[in-house]
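FYI, side chains are in, hydrogens and waters are out, and symmetry mates aren't considered; it's all heavy atoms of this structure. Keep in mind the model is a prediction, meaning the values are calculated, not measured.
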Amino acid sequence: MSNKKTLSFQTEVKQLLHLMIHSLYSNKEIFLRELVSNASDAIDKLRFEQIKNPQMSHDQELFIEISFNKEAKTITISDNGIGMNYDEVVENIGTIAKSGTKKFLEQLSGDEKKDANLIGQFGVGFYSAFIVAKEVELHTRKSGADKATGVLWTSDGSGEYSIETVNKENCGTSITLHLKDDNDDLLSDWQLRSLIRKYSDHINYPIKMQKMPEHDKDGKEIISNELETVNKANALWVRNKNEIKDDEYKEFYKHIAHDFTDPLTWIHARVEGTQEYTQLLYIPSQAPFDLYDNNKRYGIKLYIKRVFIMDDAEKLLPNYLRFVRGVIDSQDLPLNVSREILQSSKDIDAIRSGSTKKILSLIEDMAKKEPANFSKFYQAFGNVLKEGIIEDFANKDRIAALLRFASTHNDSTEVNVSLDDYIGRMVAQQDKIYYITAESYNAAKNSPHLEIFKQKNIEVLLLTDRIDEWVVSHLNQYEKKDLVSVASASLDLSKIDTNFAKDKQEKDEQAKPVLEKIKTALADKVKDVHVTSRLVNSPSCLVVENNGMSIHMEQLLKQAGQAIPSSKPTLEINPDHALIRRLNASVDADETKDLALIIFDQAALAEGLKIDDPSAFVTRMNKLIS
């Protein structure tokens, strides 16, 4: 029967094993938490299969058993869950069949704490066995399969593993760890029970160990083969939250999120009414490495009457809250619910809406009461939260209030200015929120578009994240105040400065000759040329006509490979600048053309654009200087 083979680990697995063993050894006891967590997941999957296929149901108790042998120096973790067949063992243990594997491995640095966090996020807890074991045996049989289809997998973690088909009486999986010499402290009934209570007390299924020996009246040990439950063995989320300690909440988070770090915060609530459900939802303290992976799994586990249904229930929260981890347990949904039913379920819509509001309230409370934690949250998830402005019209204003930006007020790259902060600092008669979008903080901060705003002490938000262009295109107003780009051609500060419009009109009249010269010289490059009121020190800038696509947005779309129709910008000039005055005084056609092109190219460079002919620009500048 035994078709034993020796196979090599996938290259990524070899790298992962090496880094895991060396990064996590100082916290070696987490191996038990990870293996128990996997066993619990296997039982969850069996229960789900039993719902889909009632013929698979059986009356046996579902539980996890942990045993040890001092003489053999082994620890065994067993479950009677779903089990695996031969191909599944090869796929799940010999390789890492996950998208983003390469990116994940590139981020591993050798820094113990940082790597431990990443490994937890990636969800490869089985390999933690090699932190304490010199050899691991995995003995498994798929539920419902013949006993002759059992599989025995063995490896010392060095690069190869053996696999063979064997008899296995019971369905499920047993993992036996042959401990390294310096791990004898784990071969203790008391130590193992302590670790179970510390890390796995919340597990929904009984974790059993052999009953501890009793003593007769003469002090002699009485060994019993009876098993007893070590953990609480009831779903954490159904317990009264007043009876649950913070440490229990944190360990449950680590179990469901496969994260080694504590969550930032969480909410545990029971909702009653038209729909009855319980939610235990967490906000992590760090972003997973695959946060922007379109194929990533979501973090919400759906239970119905404490029966596990699915672990990537994306319909329970909107996409912009995909960083949330947790459990939702419904009392009303049918046990045989499918993904198709979830797509069009009014009950699911109500749960989604209620859970979204709870998470936003949780973030709002963090912003008000725990600013340090909110800052950490925003650094990790701020850009994802911004997606909600585009996706979630119903909660757009609440999300907008949570957004943070850099601004000219701080003179710092720190992203900590809210829209409410901005409104509270508006100058007299200001009724608009001004912003600029750019490739970088320095490009935004030093843009010529800001010159008039700096002169009049008007704050401007500096938006430099790629998503910001889409955000401001969907967030036209906040608290009845329009959001306006400082690069808009229709910029009007006359409410703040009553002379603004008058000054511009006077300059327009005086500058007609030079405007005509520049229009003629740049006829193939610009849509129009105007006098500006926004420039103080610079000779020129490019602006966007009303309802036109911003220059920065055009750049982003082109970089993404989008076919953008060619369009000409509008050039604004500062007639008081020496370069413009020199052009106005020029009577030589070639010099006029050169000066006009210099003015245009300078404006393009200030916007972060590539100019058509850098060499020609340098030649013209050299000629101008000399």
Smallest separation among heavy atoms of [X] and [Y], with atom names:
| X | Y | value |
| --- | --- | --- |
| Arg534 | Cys541 | CD-SG, 3.9 Å |
| Tyr422 | Tyr434 | OH-N, 3.0 Å |
| Thr592 | Ser586 | OG1-OG, 3.0 Å |
| Leu583 | Lys517 | O-NZ, 3.3 Å |
| Pro284 | Arg325 | CG-CG, 4.2 Å |
| Ala287 | Ala380 | CB-O, 3.7 Å |

Can [X] and [Y] be counted as having a side-chain donor-acceptor contact under 3.5 angstrom?
| X | Y | result |
| --- | --- | --- |
| Tyr378 | Asn416 | no |
| Ser407 | Glu459 | yes |
| Asp421 | Ser418 | yes |
| His474 | Glu391 | no |
| Asp492 | Ser494 | yes |
| Asp482 | Asn476 | no |

Looking at [X] and [Y], would you say the former's side chain and the latter's main chain have a donor-acceptor pair under 3.5 Å?
| X | Y | value |
| --- | --- | --- |
| Asp613 | Ala616 | yes |
| Ser355 | Ile351 | yes |
| Thr619 | Ser615 | yes |
| Tyr441 | Thr464 | no |
| Tyr320 | Ile389 | no |
| Asp465 | Ile467 | no |
| Thr408 | Val460 | yes |
| Ser538 | Ser540 | no |
| Lys315 | Arg352 | no |
| Asn446 | Asn442 | yes |

Exercise. How would you list, by chain and number, every residue that makes a ring-ring contact (aromatic ring centres under 6.0 Å, His included) with Phe377, sequence neighbours excluded?
Worked result: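 Testing Phe377 for ring-ring contact (aromatic ring centres under 6.0 Å, His included), a comparison that skips the adjacent residues, returns Phe323, Phe374, Phe381.
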For this session: Using the test ring-ring contact (aromatic ring centres under 6.0 Å, His included), find all partners of His268 that sit at least two apart in sequence or belong to another chain.
Result: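 Applying ring-ring contact (aromatic ring centres under 6.0 Å, His included) to His268 gives Tyr249.
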Can you confirm whether more than 12 heavy atoms, excluding those of [X], are under 6.0 Å from its [atom1] atom?
| X | atom1 | value |
| --- | --- | --- |
| Lys432 | NZ | yes |
| Lys376 | NZ | no |
| Glu370 | CD | yes |
| Lys358 | NZ | no |
| Gln379 | CD | no |
| Lys568 | NZ | yes |
| Asp576 | CG | yes |

Problem set entry | Any Ile399 side-chain heavy atom under 4.5 Å of Lys396 side chain |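 The answer is no; the side chains never approach within 4.5 Å.
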Problem set entry | Arg322 side chain reached by Val384 side chain, heavy atoms, under 4.5 Å | yes
For this session: Walk me through it: do Leu419 and Phe405 pass the test side chain to side chain contact (heavy atoms under 4.5 Å, CB included)?
Result: CA-CA 8 Å; Leu419 293 175; Phe405 307 95; 3.9 Å; yes
Distance (rounded to the nearest 0.5 Å) between [X] [atom1] and [Y] [atom2]:
| X | Y | atom1 | atom2 | answer |
| --- | --- | --- | --- | --- |
| Leu360 | Leu321 | CG | CG | 6.0 Å |
| Leu491 | Ser533 | CG | OG | 8.5 Å |
| Ile452 | Thr532 | CD1 | OG1 | 8.5 Å |
| Ile580 | Leu535 | CD1 | CG | 9.5 Å |
| Ser485 | Leu463 | OG | CG | 9.0 Å |
| Tyr253 | Thr261 | OH | OG1 | 5.0 Å |

With sequence neighbours excluded, tell me which residues meet salt bridge (Lys or Arg N to Asp or Glu O under 4.0 Å) with [X].
| X | result |
| --- | --- |
| Asp528 | Lys519 |
| Arg581 | none |
| Lys445 | Asp411 |
| Asp612 | Lys525 |

Exercise. Would Asp431 and Lys495 satisfy salt bridge (Lys or Arg N to Asp or Glu O under 4.0 Å), going step by step from the backbone distance to the final call?
Worked result: CA-CA 8 Å; Asp431 61 352; Lys495 280 194 176 182; 2.9 Å; yes
Exercise. Please walk me through it: do Glu414 and Arg404 pass salt bridge (Lys or Arg N to Asp or Glu O under 4.0 Å)?
Worked result: CA-CA 9 Å; Glu414 193 170 358; Arg404 299 293 185 267; over 6 Å; no
Exercise. Should the pair Asp262-Lys254 be classified as a salt bridge under the 4.0 Å nitrogen-to-oxygen rule?
Worked result: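 Lys254 and Asp262: salt-bridged.
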For this session: In sequence, state the C-alpha distance, the side-chain angles, and the governing distance for Leu462 and Ile436, and then conclude on side chain to side chain contact (heavy atoms under 4.5 Å, CB included).
Result: CA-CA 5 Å; Leu462 309 177; Ile436 184 171; 3.6 Å; yes
Exercise. Could you go step by step and tell me if His449 and Glu607 meet the side-chain hydrogen bond (donor to acceptor under 3.5 Å, both in side chains) rule?
Worked result: CA-CA 10 Å; His449 291 289; Glu607 294 292 339; 2.6 Å; yes
For this session: Any chance you could lay out the side chain to side chain contact (heavy atoms under 4.5 Å, CB included) test for Asn395 and Arg398, step after step, and finish with the verdict?
Result: CA-CA 5 Å; Asn395 291 300; Arg398 291 184 71 180; 4.0 Å; yes
Exercise. Between Glu451 and Lys454, is a salt bridge (Lys or Arg N to Asp or Glu O under 4.0 Å) present by the stated rule, with each step listed?
Worked result: CA-CA 5 Å; Glu451 290 175 2; Lys454 290 175 181 176; over 6 Å; no
For this session: Just do the side chain to side chain contact (heavy atoms under 4.5 Å, CB included) check on Val327 and Leu302 with the steps written out, would you?
Result: CA-CA 6 Å; Val327 165; Leu302 174 63; over 6 Å; no
